[in-house]
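One structure is given below, encoded as structure tokens.
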Amino acid sequence: CPIPDYCPRLSKNFSEASAKMATRSDIPTNYHFLSITFDPERDNPEALLKYGKMYHYQPEHWSFLTGSKEMTDALGAMFNFHFTAEDQLFNHDFRTVIINAAGKVQMIYPMGGNLSDNIAEEMIKAMNPSEMENKNAAKGEK
């Protein structure tokens with residue numbers, strides 16, 4: 001990355017949010033974080049495993065994924081995420097997307113920084129069916 005703390009900050013956010021959620025006994029345990037690379041040539045499964053271990057990931061709650069350029073382009077387009085190769089580096093946006101238990105986008109954080117508390121809180125809300133019902137009722141949805 002041209003900005004060297006972008007990707008590590010995202011991973012640190014997920015690591016910290018996951019650790020915070022793991023201490024809670026009052027929430028469901030079926031939450032999952034996904035980190036998706038758009039550099040499959042360098043970020044092969046072995047490299048992603050090594051990277052995940054650097055952040056003390058728990059495989060039951062966090063996966064590191066890769067895919068073809070077509071797949072990552074399509075996924076990026078879904079969330080207005082842009083990335084371009086520049087020599088040996090990538091220039092890219094920052095996105096953290098929270099998807100709720102109903103499969104709908106709950107929140108998109110379009111910026112970096114220390115968001116671990118926000119991510120953990122939003123993930124917990126996304127798992128809470130009454131929270132989703134309240135949001136849907138406010139929007140007039142069922």
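- Between Glu16 and Asn114, some side-chain heavy-atom pair lies under the 4.5 Å cut-off.
- Between Met54 atom CE and Ser11 atom OG the span is 8.0 Å, to the nearest 0.5 Å.
- Met127 places a side-chain heavy atom less than 4.5 Å from the side chain of Met21.
- Formation of a donor-acceptor pair under 3.5 Å by the Ser15 side chain with backbone atoms of Tyr55 is found in this model.
- Nearest heavy-atom pair, Thr72 versus Lys69, reported as atom, atom and distance to 0.1 Å: OG1-O, 3.2 Å.
- Residues Gly67 and Pro40 come closest through the heavy atom pair O-CG, 3.4 Å.
- With rounding to the nearest 0.5 Å, the separation of CZ in Phe64 from CG in Leu48 is 7.5 Å.
- You'll find the ring centres of His61 and Tyr31 inside the 6.0 Å limit.
- Closest approach of Ala17 and Ile119 over heavy atoms only: CB-CG2, 3.9 Å.
- Between the side chains of Ser116 and Lys20, at least one donor N or O lies within less than 3.5 Å of an accepting N or O.
- Partners of Leu65 under the side chain to side chain contact (heavy atoms under 4.5 Å, CB included) rule, at least two apart in sequence or in another chain, are Leu34, Ile36, Ser63.
- Remark: Glu41 CD is loosely packed, at most 12 non-hydrogen atoms of other residues, nucleotides or ligands lying under 6.0 Å away.
- With rounding to the nearest 0.5 angstrom, the CZ atom of Arg42 is 9.0 Å from the OG1 atom of Thr37.
- In this structure, Thr96 and Leu10 have side chains that are in contact, with non-hydrogen atoms separated by less than 4.5 Å.
- Residues meeting the salt bridge (Lys or Arg N to Asp or Glu O under 4.0 Å) test with Asp43, sequence neighbours left out: none.
- The shortest distance between side-chain heavy atoms of Met123 and Phe33 falls below 4.5 Å.
- To the nearest 0.5 angstrom, Leu115 atom CG is 12.5 Å from Lys12 atom NZ.
- Using a 4.5 Å heavy-atom cutoff, the side chains of Asn13 and Arg9 are in contact.
- Between the NE2 atom in His32 and the CD atom in Glu60 there is a gap of 9.0 Å [rounded to 0.5 Å].
- Under a 3.5 Å cut-off, the side chain of Arg95 and the backbone N or O of Ile108 do not form any donor-acceptor pair.
- Side-chain contact of Ser35 with Trp62: a donor-acceptor pair under 3.5 Å is present, judged by distance alone.
- Put simply, CD on Gln106 and CD1 on Ile98 are 7.5 Å apart, with the number rounded to the nearest 0.5 Å.
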Quick one: do Phe38 and Phe81 satisfy ring-ring contact (aromatic ring centres under 6.0 Å, His included)? Show the steps, please. CA-CA 11 Å; Phe38 42 84; Phe81 176 83; 5.6 Å; yes
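- Checked against the 6.0 Å centroid criterion, the rings of Tyr57 and Phe14 do not qualify as a close aromatic pair.
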